[in-house]
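Step one of this worksheet: look at the structure below.
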Number of protein chains: 2
Amino acid sequence: MERRTPQRDAVRGVVEGARRPMSAAEIHEAAAGALAGIGIATVYRTLKAMLDAGEIVLVSLPGDTPRYESAALGHHHHFHCRACGMVFEVAGCPPGLARLAPRGFAVDGHEVILYGRCRGCA
Amino acid sequence: MERRTPQRDAVRGVVEGARRPMSAAEIHEAAAGALAGIGIATVYRTLKAMLDAGEIVLVSLPGDTPRYESAALGHHHHFHCRACGMVFEVAGCPPGLARLAPRGFAVDGHEVILYGRCRGCA
DNA sequence: ATAGATGCAAAGAGTTTGCATAGGT
DNA sequence: ACCTATGCAAACTCTTTGCATCTAT
């Protein structure tokens, strides 16, 4: 991320402005709205650089393409609605997570995904 | 899964015998040990059928290809070592998971992944 | 005998990379 | 001016599909 370019501004603008994790294709499409002609390869390269820089976080849901979201949202988890497929943010963590690991294992992070039906689909 | 074939027996044998979630390529390689010449397409078709039948479960770790494991292992979670990449099973669940969801959301399942260093790498 | 299952190879989807050019500093 | 970043297209990886053949029932 050495240089500031319109392409990187566009990608960053999309991801930082999103309230849900977006796929590379969604980010590309949205970024193209702000900057016509931006290439998908540039989107991938920018996302990779932002991941390495810790600006964004990779969110991977089983059976789905990877998604990305702003690291500025802070630590949180996700709720995946089985009916409509939407992904919602979930605040807070369950307690005692690190204690689940076997003896001698050092836990330094975790991911939690809840499944079910969102308010609209329940 | 209408017919019982040597190929399906081989794939089932590998997955049921594994103590960790395996990728399609790993399953193919292991199955080829028991049944030389088995095709990768057959492995994918068999895994899909077993998933649909509920015999196996899909385990997806961020930034990794999908893995599969026996549903007979029962409900458990995973520990992903950042150093060696190995995946270990974790027994038990954190309490109060369903309470994390927003009001009106119905939680019927969850996934927990722990990250860190395994005993050997810590 | 018959319909489902297999293996191969081609097709698809998603992601990465090589290279000449554009453009930020 | 220099050197990184871009866009395009090709390459790659993983997974699915079409089709002729084989095989479990």
Side-chain angles (χ1 to χ4, degrees), chain A residues 1-16 18 20-69 80 85 87, chain B residues 1-16 18 20-69 80 85 87:
Chain A
M1 286 311 239
E2 306 199 352
R3 294 183 185 175
R4 174 170 188 168
T5 66
Q7 288 84 349
R8 290 179 176 179
D9 283 348
V11 170
R12 179 174 290 114
V14 167
V15 179
E16 300 295 343
R20 64 192 182 82
M22 296 174 77
S23 67
E26 287 173 330
I27 293 167
H28 179 223
E29 190 178 357
L35 186 73
I38 185 173
I40 186 70
T42 297
V43 171
Y44 277 108
R45 282 188 281 236
T46 302
L47 289 173
K48 188 172 205 315
M50 291 175 75
L51 276 177
D52 290 345
E55 285 182 61
I56 60 175
V57 157
L58 181 64
V59 177
S60 101
L61 303 170
D64 207 0
T65 65
R67 292 161 186 274
Y68 306 83
E69 75 181 353
H80 193 189
V87 176
Chain B
M1 286 313 236
E2 308 199 351
R3 293 182 187 177
R4 176 171 188 169
T5 66
Q7 289 84 351
R8 290 179 176 178
D9 282 348
V11 170
R12 179 174 292 114
V14 167
V15 179
E16 300 295 342
R20 63 192 183 83
M22 297 176 76
S23 67
E26 287 173 329
I27 293 166
H28 179 225
E29 190 178 358
L35 186 74
I38 184 173
I40 185 70
T42 296
V43 171
Y44 276 110
R45 282 188 282 235
T46 302
L47 290 174
K48 189 173 204 316
M50 291 174 75
L51 276 176
D52 290 347
E55 285 182 60
I56 60 174
V57 156
L58 181 64
V59 177
S60 101
L61 303 170
D64 207 0
T65 65
R67 291 161 185 274
Y68 306 82
E69 73 182 352
H80 193 189
V87 176

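The sequence lines fix the lettering, A, B, ..., with proteins before strands; numbering per chain opens at 1.
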Take the protein atom [atom1] of [X] and the nucleotide atom [atom2] of [N], then report the distance between them rounded to whole Å.
{"X": "B:I40", "N": "D:dT17", "atom1": "CD1", "atom2": "C1'", "value": "15 Å"}
{"X": "A:H28", "N": "C:dT16", "atom1": "NE2", "atom2": "C1'", "value": "15 Å"}
{"X": "B:D9", "N": "C:dT6", "atom1": "CG", "atom2": "P", "value": "10 Å"}
{"X": "B:I38", "N": "C:dA5", "atom1": "CD1", "atom2": "P", "value": "14 Å"}
{"X": "B:D64", "N": "D:dT13", "atom1": "CG", "atom2": "C1'", "value": "13 Å"}
{"X": "B:R67", "N": "D:dT15", "atom1": "CZ", "atom2": "P", "value": "11 Å"}
{"X": "B:Y44", "N": "C:dC8", "atom1": "OH", "atom2": "P", "value": "16 Å"}
{"X": "B:L58", "N": "D:dC14", "atom1": "CG", "atom2": "P", "value": "16 Å"}

dist B:L47:CG -> B:S23:OG (nearest 0.5 Å) comes out at 10.0 Å
Rounding to 0.5 Å, atoms CD (B:E16) and CG (B:D9) come to a distance of 11.5 Å
Tested for side-chain contact (heavy atoms from CB on, under 4.5 Å) against A:V11, the lone hit among A:T5, A:L35, A:T46, A:I56 is A:T46
Within less than 4.0 Å of OP1 or OP2 of [N], is there a side-chain N or O belonging to [X]?
{"X": "B:Q7", "N": "C:dG7", "value": "yes"}
{"X": "B:T42", "N": "C:dG7", "value": "yes"}
{"X": "B:R3", "N": "D:dT23", "value": "no"}

Side chain of [X] - closest among [options]:
{"X": "A:R45", "options": "C:dG24, C:dG18, C:dG4", "result": "C:dG18"}
{"X": "A:A24", "options": "D:dA5, C:dT15, D:dC14", "result": "C:dT15"}
{"X": "B:P6", "options": "D:dC14, D:dC8, D:dA24", "result": "D:dA24"}
{"X": "B:R8", "options": "C:dA5, D:dT15, C:dT15", "result": "C:dA5"}

The answer to which of B:A36 and B:E2 contacts DNA chain C further toward the 5' end, by nearest nucleotide, is B:E2
Between A:R4 and B:T5, the residue closer to the 5' end of DNA chain C by nearest nucleotide is B:T5
- Mind running side chain to side chain contact (heavy atoms under 4.5 Å, CB included) on B:R45 and B:Q7 for me, showing each step along the way? CA-CA 11 Å; B:R45 282 188 282 235; B:Q7 289 84 351; over 6 Å; no
- Message: Closest-nucleotide mapping onto DNA chain D: is A:G39 or B:T65 further toward the 5' terminus? I mean the 5' end.
- Response: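 Its nucleotide being nearer the 5' end, the pick is A:G39.
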Exercise. Can you tell me if A:H28 uses its side chain to pair, donor with acceptor, with the backbone of A:Y44 under 3.5 Å?
Worked result: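 Checking the backbone N and O of A:Y44 against the side chain of A:H28, no donor-acceptor pair under 3.5 Å is found.
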